[in-house]
Amino acid sequence: MRIRVARPDDAPTVVALRAMVYPYLVRGVESTRKMITEPPPEDGWAAFVAEVDTQVVGWVSAQRPGWTSTPGFGDIALLHVHPEHRRRGIGTALLTAATEHLTPLGVRQVRGWAQPDALPFARRHGFQPSRELRYSALSLDPAPALPDPPPGVRLRPIAELDPYLLYQANAAASVAEPSDVPIDAVSYASWQYDVWENLGLDKAASTAVEVDGEVAAFSLVKRDGDRMWSDYTGTIPAYRGRGLARLAKTAALHRAAAGGVRVAYTSNDEANAPMLAINARLGYRAVAAQWSCLAELT
C-alpha cells in the first residue's frame, strides 16, 4: 500500500471509486480532473490517494477552508476506501496524510465526515459525531411542472445574470445555513472557482428568482450526464417566508429534466427544517446519511 498526492490522471478511477462508495454524489471526471490540476484558491487544498498494486483504492482531500471566519478550522472530505480493501490500515493512512497536511497550515480543529457504519472508525481516531446530514433523491420522470411566478417575480436561468450578483445572494443566504462553523467568509474568487467556473454547473437549468430586479432566491444545478446535484438552494433573509426557494428549485428541476436529467440528488442538515420540508413536498426520498465529526489536532 502506498499513499501519494493525487494526480490529474487519477480522475477516472477516483470518480469510479466514489460512485461505488457514494452513489448519491455527483461529480464528473473532467470537474474532478480540474480540481486536482487547479486546486481551489485560498484554501490550502490537497488530495491523496491510496494505491495497492498500482490500483487506486482510496481517496481523501483536506483543506483549511476560506469560507468561515472561525480560526484554525480544517476540513477533511470524502475519506473512503474500496470495500474490498478495508480493515487493512488504508483509511488510517489516508487520515494521517490529511492531518499532516493540515497541521502546518495552523489548523487546530478539524471536521471529517462519516457514514453511520464508519462512526466507530471516526471515534477511534478522536472524532466525535456532531451533525447529521441527509442525502435524498428524486426521480425526474415525470418532471415537475414549471411553476407560474407570482406578479412582480421573474424566473431567470443564471446564465443571464451578472455572476457577482448571484455571489452576493449566495453569500447572504449561506450565513444562516446550519453548520459546525459559520459560513460567513466566502470570497468572490473562491465562489467563482467552486460554483461559477465549475465544469459541472448547468447554467441553463440553475435558476434565480428576481423580485424588482434583485436576486431574491436561487437554486444551483451541477450535472454529470443524466444525474444532477442540487448544489445549493437559498433565499436572502429579506425575502424568506414567501415560497421563493421552492419556486426556484422547482423551476431548476423542471429545466434540468427538459435537458435530459433523470434523477436529482441533494443533501441537507437534519436541522434545516425549511429545506427538508421543500424537498418532501417535491417528492425527494432519503437514500443515505452522514455525520460531521469534530476532532482537535495536537
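This chain uses plain numbering: 1 for the first residue, then up along the sequence.
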Sidechain-backbone polar pair: Thr207 side chain, Ala205 backbone, donor-acceptor under 3.5 Å: yes

Tyr24 and Tyr135 aromatic ring geometry - parallel, tilted or perpendicular at 30°/60° bounds: tilted

Mutual orientation of the aromatic rings belonging to His85 and His82 [parallel < 30°, tilted 30-60°, perpendicular > 60°]: perpendicular

Atom pair CE (Met228) and CG (Leu140), whose distance is rounded to the nearest 0.5 Å: 6.5 Å

Residue pairs fulfilling side chain to side chain donor-acceptor pair (under 3.5 Å) with at least one residue in residues 168-178, sequence neighbours excluded: Asn170-Ser174, Asn170-Trp191, Glu177-Tyr232

Asp162, CG: over 12 other non-hydrogen atoms inside 6.0 angstrom: yes

Donor-acceptor pair, side chain of Ser31 and main chain of Arg27, under 3.5 angstrom: no

Test item: Thr37 side-chain N/O and Arg33 main-chain N/O as donor-acceptor pair under 3.5 Å: yes

Geometric cation-pi criterion, Lys203 with Phe218: 6.0 Å, 45°: no

Distance, nearest 0.5 Å, that separates CZ of Arg262 from CG of Leu138: 12.5 Å

Expected output: side-chain Arg123 to main-chain Phe127 donor-acceptor under 3.5 Å: no

Min side-chain heavy-atom separation Leu294-Gln109 under 4.5 Å: yes

N/O donor-acceptor pair under 3.5 Å between His80 side chain and Leu78 backbone: yes

Salt-bridge contact Glu296-Arg108 (side-chain N to carboxylate O under 4.0 Å): no

Check: Asp10 side chain, Arg7 main-chain N or O, donor-acceptor pair, under 3.5 Å: yes

